[in-house]
There are 2 protein chains.
Amino acid sequence: MSYSIGEAAKMVGLTAHTLRFYDKEGLLPFVKKTSSGLRAFSESDIEWLKIIECLKGTGLPLKQIKQYIDWCMEGDATIPQRLNMFIEQKKRVEEQKAKWEKHLEKINFKIKYYEDAAQYGDLNVFERNPKLLEEKKRLFKD
Amino acid sequence: MSYSIGEAAKMVGLTAHTLRFYDKEGLLPFVKKTSSGLRAFSESDIEWLKIIECLKGTGLPLKQIKQYIDWCMEGDATIPQRLNMFIEQKKRVEEQKAKWEKHLEKINFKIKYYEDAAQYGDLNVFERNPKLLEEKKRLFKD
DNA sequence: TTAATCTTTAGAGTTAACTCTAAGTCAAGC
DNA sequence: GCTTGACTTAGAGTTAACTCTAAAGATTAA
């Protein structure tokens with residue numbers, strides 16, 4: 001069983017346009033075509049798309065995703081590079097997560113700040129709640 | 001005390017070019033200029049930049065950041081909108097974090113997969129480790 | 001006071017990742 | 001067989017967010 005480009009697109013939450021664009025960029029060398037020239041996505045192609053989505057979704061540029069796909073096509077000799085690539089990506093994701101935690105603290109501070117402001121209808125928040133001022137200093141010091 | 005555009009840029013990890021671009025886009029209406037036309041960033045302007053960085057770093061487009069800045073300039077009447085904006089942003093960050101957790105599981109799987117492959121020099125990983133195949137099915141089923 | 005460095009503007013150029021169009025081909029239902 | 005909708009390609013256009021250039025003015029250190 002195989003899927004048309006439109007079906008495959010729906011399965012991974014992309015458009016057929018985007019899949020054609022990826023193909024043109026060399027990200028989908030594994031996708032075969034029918035005798036009449038239509039792309040036919042196999043189950044394993046769908047898995048490829050999910051890995052591409054995973055890497056793209058964690059911020060890896062398409063060029064580097066293509067690099068990975070190229071390594072996969074080259075065969076067993078590139079296993080170390082591929083392993084290294086996923087280790088690096090894991091590192092990046094975890095760094096990014098740490099950054100987001102910091103951002104989230106600032107956002108939570110702003111929510112507290114505006115909740116108080118909304119309640120009283122003005123921005124004299126720190127006069128009413130000096131502890132929030134301390135928290136602000138801590139969050140914005142660096 | 002105030003900072004030149006270059007100093008301000010260094011303090012928040014951006015370039016002077018980028019700060020001028022932000023200014024042109026209307027993101028920095030609070031920045032004053034000296035009598036000779038140079039931008040002078042105050043301490044509180046630096047805090048503005050950090051909030052902009054926080055919002056940009058959690059994926060909010062510059063247009064929506066500008067919307068927030070505009071609300072701030074409009075005065076107390078827009079406090080509810082601003083509160084709502086941060087609540088929405090918090091929601092988005094937490095959704096994004098959940099997505100990244102899922103991506104991270106796939107990445108961890110790939111690391112295990114390629115570690116085994118690297119050790120044996122081939123990709124017959126699932127023959128050696130059938131449990132990994134089960135994990136793959138679980139991770140890629142949806 | 002002069003050289004080096006920084007800042008100013010307007011505006012052009014770049015990059016990544018789509019997004020769409022046109023003109024034609026293919027497939028499924030009636 | 002015919003219509004309708006999905007598919008094909010090449011290539012143009014879009015969007016966001018920078019990134020850079022040029023020419024002129026401002027600031028700083030010697």
Side-chain angles (χ1 to χ4, degrees), chain A residues 1-29 31-42 45-46 48-49 51-70 89 92 96 99 103, chain B residues 1-29 31-42 45-46 48-49 51-70 89 92 96 99 103:
Chain A
M1 209 354 209
S2 75
Y3 306 100
S4 75
I5 194 168
E7 289 167 336
K10 199 167 280 180
M11 289 171 82
V12 295
L14 295 170
T15 70
H17 279 311
T18 301
L19 288 184
R20 277 187 214 106
F21 166 71
Y22 284 1
D23 199 4
K24 197 159 46 176
E25 295 294 297
L27 269 76
L28 315 179
V31 176
K32 300 282 181 293
K33 296 208 178 169
T34 66
S35 54
S36 52
L38 304 194
R39 289 177 188 81
F41 288 76
S42 70
D45 292 350
I46 303 294
W48 275 107
L49 294 180
I51 273 293
I52 289 171
E53 274 303 277
C54 168
L55 293 170
K56 192 187 59 154
T58 50
L60 201 70
L62 297 189
K63 261 189 193 166
Q64 294 186 51
I65 297 175
K66 174 173 160 40
Q67 168 70 277
Y68 166 66
I69 308 267
D70 289 346
Q89 189 61 7
R92 276 191 287 268
Q96 192 57 40
K99 258 186 213 166
H103 289 324
Chain B
M1 211 349 213
S2 76
Y3 306 101
S4 75
I5 194 169
E7 290 166 337
K10 199 167 280 177
M11 288 170 82
V12 295
L14 295 170
T15 69
H17 279 312
T18 301
L19 288 184
R20 277 186 214 107
F21 167 70
Y22 284 1
D23 199 3
K24 197 159 47 176
E25 296 294 297
L27 269 75
L28 315 178
V31 176
K32 300 284 180 293
K33 296 206 179 170
T34 66
S35 53
S36 52
L38 304 195
R39 290 177 188 81
F41 289 75
S42 70
D45 293 350
I46 303 295
W48 276 107
L49 294 181
I51 274 292
I52 290 172
E53 274 303 276
C54 167
L55 292 170
K56 192 188 58 157
T58 50
L60 201 69
L62 297 190
K63 261 189 194 167
Q64 293 186 53
I65 297 175
K66 173 171 161 39
Q67 168 72 275
Y68 166 66
I69 309 266
D70 288 346
Q89 189 61 6
R92 276 190 288 268
Q96 193 56 41
K99 257 187 214 165
H103 289 325

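Here is how names work: the chains are called A, B, and so on, in the same order as the sequence lines, proteins then strands, and each is numbered from 1. Computed from heavy atoms alone, side chains included, the values below leave out hydrogens, waters and symmetry copies.
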For [X] and [N], what is the distance between atoms [atom1] and [atom2] respectively, to the nearest whole Å?
X: B:Ile65; N: D:dC18; atom1: CD1; atom2: P; answer: 9 Å
X: A:Glu25; N: C:dT19; atom1: CD; atom2: P; answer: 14 Å
X: B:Leu28; N: C:dT8; atom1: CG; atom2: C1'; answer: 15 Å
X: B:Lys66; N: D:dA17; atom1: NZ; atom2: C1'; answer: 16 Å
X: B:Asp23; N: D:dC18; atom1: CG; atom2: C1'; answer: 15 Å
X: B:Lys10; N: C:dT5; atom1: NZ; atom2: P; answer: 14 Å
X: A:Lys24; N: D:dT9; atom1: NZ; atom2: P; answer: 9 Å
X: A:Ile52; N: C:dC18; atom1: CD1; atom2: P; answer: 11 Å

For [X] and [Y], indicate whether the former's side chain and the latter's backbone hold a donor-acceptor pair under 3.5 Å.
X: B:Glu25; Y: B:Leu62; value: no
X: B:Glu7; Y: B:Ser4; value: yes
X: A:Thr58; Y: A:Cys54; value: yes

Select one nucleotide: of [options], the one nearest the side-chain heavy atoms of [X].
X: A:Arg20; options: D:dT9, C:dT8, D:dC18; answer: D:dT9
X: B:Phe21; options: D:dA17, C:dT8, D:dT8; answer: D:dA17
X: A:Lys33; options: D:dA17, D:dA26, D:dT9; answer: D:dT9
X: A:Arg39; options: C:dT8, D:dC18, D:dT9; answer: D:dT9
X: A:Lys63; options: C:dC20, C:dA16, C:dT7; answer: C:dA16

(Q) Base, sugar-phosphate or nothing for B:Ser4? Non-hydrogen atoms, less than 4.0 Å. (A) sugar-phosphate

(Q) Measuring to OP1 and OP2 of C:dA27, would you say a side-chain N or O of A:Ser36 lies under 4.0 angstrom away? (A) yes

Q.
Check the phosphate of D:dA17 against B:Tyr22, side-chain N and O only, distance under 4.0 Å to OP1 or OP2. Yes or no?
A. no

(Q) Under 3.5 Å, is there a donor on one side chain and an acceptor on the other for B:Lys66 and B:Tyr22? (A) no

Q.
Reading DNA chain D from 5' onward, which residue's closest nucleotide shows up sooner: B:Leu14 or A:Glu7?
A. A:Glu7

Q. More 5' along DNA chain D: B:His17 or B:Leu62, using each one's nearest nucleotide?
A. B:Leu62

(Q) To the nearest 0.5 Å, what is the distance between CH2 on B:Trp48 and CG on B:Leu27? (A) 10.0 Å

(Q) I want to confirm an ordering. Mapping A:Leu38 and A:Thr18 to their closest nucleotides on DNA chain C, which one lands closer to the 5' end? (A) A:Thr18

